[in-house]
K.L.:
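Could you have a look at this structure, given as structure tokens, before my questions?
Below, chain A is the first sequence line, B the second, and so on; all start at residue 1.
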There are 2 protein chains.
Amino acid sequence: MKKPAKPTGRKLIPDDDDCPVRDVLAHLTSKWPMLILFALMEGPHRFLELQRRIENISKRMLTVSLRKLELDGYVQRTVYPESPPRVEYALTPLGESVTHPLINLIGWAQDHHDEIRQARTDFSEKVSNQG
Amino acid sequence: MKKPAKPTGRKLIPDDDDCPVRDVLAHLTSKWPMLILFALMEGPHRFLELQRRIENISKRMLTVSLRKLELDGYVQRTVYPESPPRVEYALTPLGESVTHPLINLIGWAQDHHDEIRQARTDFSEKVSNQG
DNA sequence: GTTATTGGTTACTAAAGGTAACCATTGTTT
DNA sequence: AAACAATGGTTACCTTTAGTAACCAATAAC
């Protein structure tokens, strides 16, 4: 059953699967994947190096996030058959490519962090004044 | 109890609350908030206009996402005391400002969407070949 | 033989995402 | 008058994701 035509405006995005916002960015821009990509910008890292580098990330979340980044082609995982095992994670060309728009966004966030925190304070005060 | 000094590398980010990635971007870049910001770039919208515009978003998710955007100062909510009620959502200057880095990111995602889907296919094949 | 290192996995709980039904108000249709 | 639609939500509920702590096998050092 097709959806009935909606009266107002046109669709913002054609379709769930074809929508880069939903399909690409939601994977990329959540908390841990972004921090992992930034760590890897400085060169390949081993698993526990990444964990030590990114405070407060658990092994599980690191594994899960790295797998997602590998799945989408941002990160290359290389296992060296040594003992204890050595596993290196490195950016692919696609991963390097995406760091540029992400760096812009990070820069914006740093520049406006105080402003956003002020907005949160103002909002709380406004709400409590209104009852 | 303070954490013992970690031996390898320095911290990527000083502290959870001071980290713009965790504090700013994770709020901003998830699926619905980004789509809402893009809709509002074309001008103020009413609640149900937004819902019709952004396919598959429920009223609850729209409310929740709009409240977050309002809290962080990206969106201004204005109630006109009419009946039936009229509520308009519009970008603040901060909200307009953040659209620029977000548009870059969207552009990247559109340009590389096929590449990412190919990477997913390749990864699935690689995994199934390895057993 | 206990400890530490490696790179994870498993079982579990807490939080967020998401749906369908409902609400009060007013205006329009029957 | 009764039913229906439109407004902008809220409530109760279920599902999916995020996140934690404990555990694992293999090897080397003490």
Side-chain angles (χ1 to χ4, degrees), chain A residues 3-4 6-9 16 21-23 25-36 39-40 44-71 75-90 127 130, chain B residues 3-4 6-9 16 21-23 25-36 39-40 44-71 75-90 127 130:
Chain A
K3 300 172 185 89
K6 300 288 175 60
T8 311
D16 243 52
V21 183
R22 306 184 199 215
D23 191 42
L25 296 185
H27 282 204
L28 193 58
T29 59
S30 49
K31 190 169 69 171
W32 301 122
M34 191 128 50
L35 293 176
I36 293 169
L40 293 181
H45 283 66
R46 301 177 62 170
F47 184 85
L48 290 179
E49 276 175 4
L50 283 173
Q51 198 194 2
R52 279 189 285 262
R53 196 65 192 293
I54 302 168
E55 289 258 308
N56 301 328
I57 191 169
S58 67
K59 286 179 175 183
R60 188 175 108 79
M61 290 318 294
L62 185 54
T63 302
V64 168
S65 304
L66 281 169
R67 288 295 172 279
K68 282 185 189 170
L69 291 172
E70 202 192 346
L71 172 67
V75 163
Q76 171 79 43
R77 180 178 181 266
T78 311
V79 184
Y80 299 91
E82 302 171 4
S83 158
R86 187 158 65 93
V87 179
E88 260 189 12
Y89 293 92
V127 168
Q130 287 175 347
Chain B
K3 299 172 184 87
K6 300 286 175 60
T8 312
D16 242 54
V21 183
R22 305 182 201 216
D23 193 42
L25 296 185
H27 283 203
L28 193 59
T29 59
S30 49
K31 190 169 69 174
W32 300 122
M34 192 129 51
L35 292 177
I36 293 168
L40 293 181
H45 283 66
R46 302 177 63 169
F47 184 85
L48 290 179
E49 276 175 3
L50 283 173
Q51 199 194 3
R52 280 188 285 262
R53 197 63 193 293
I54 301 169
E55 289 257 310
N56 300 328
I57 191 169
S58 67
K59 285 180 175 182
R60 188 176 108 80
M61 291 316 295
L62 184 55
T63 303
V64 168
S65 303
L66 281 169
R67 287 296 171 279
K68 283 185 189 170
L69 291 172
E70 201 191 349
L71 171 67
V75 163
Q76 170 79 46
R77 177 177 183 267
T78 310
V79 184
Y80 298 92
E82 305 171 359
S83 161
R86 187 157 65 92
V87 179
E88 259 190 11
Y89 293 93
V127 168
Q130 286 174 348

K.L.:
Give the B/S/- string for nucleotides 7-21 of chain D, one per nucleotide from 5' to 3', where a protein heavy atom under 4.0 Å of the base yields B, of only the sugar-phosphate yields S, and otherwise -.
P.N.:
BBBBBB-----BBB-

K.L.:
Just the rounded figure in Å: distance from C1' of dA20(C) to CG of Leu62(B).
P.N.:
16 Å

K.L.:
Angle between the two end axes of the helix from dG1(C)-dC30(D) to dT30(C)-dA1(D), five base pairs per end, rounded to 10 degrees?
P.N.:
20°

K.L.:
What distance separates Arg52(A) CZ from His45(A) NE2, expressed to the nearest 0.5 Å?
P.N.:
10.5 Å

K.L.:
Please find the pair of heavy atoms, one from Arg46(B) and one from Pro85(B), that lie closest to each other, and give the distance.
P.N.:
NH2-O, 3.4 Å

K.L.:
Find out whether Val64(A) and Lys68(A) are in side-chain contact, i.e. whether some heavy atom of one side chain is under 4.5 Å from a heavy atom of the other.
P.N.:
yes

K.L.:
Shortest non-hydrogen contact from Lys59(A) to Leu48(A)?
P.N.:
CE-CD2, 4.0 Å

K.L.:
How many angstroms lie between CD in Gln76(A) and CD in Glu70(A), if you round to the nearest 0.5 Å?
P.N.:
7.0 Å

K.L.:
So, Ser65(B) side chain and Trp32(B) main chain: donor-acceptor pair closer than 3.5 Å or not?
P.N.:
no

K.L.:
Rounded to the nearest 0.5 Å, how far apart are CG of Leu28(A) and CG of Asp23(A)?
P.N.:
11.5 Å

K.L.:
Got a sec, which residues hit side chain to side chain donor-acceptor pair (under 3.5 Å) with Arg77(B), two or more places apart in sequence or on another chain?
P.N.:
Tyr89(B)

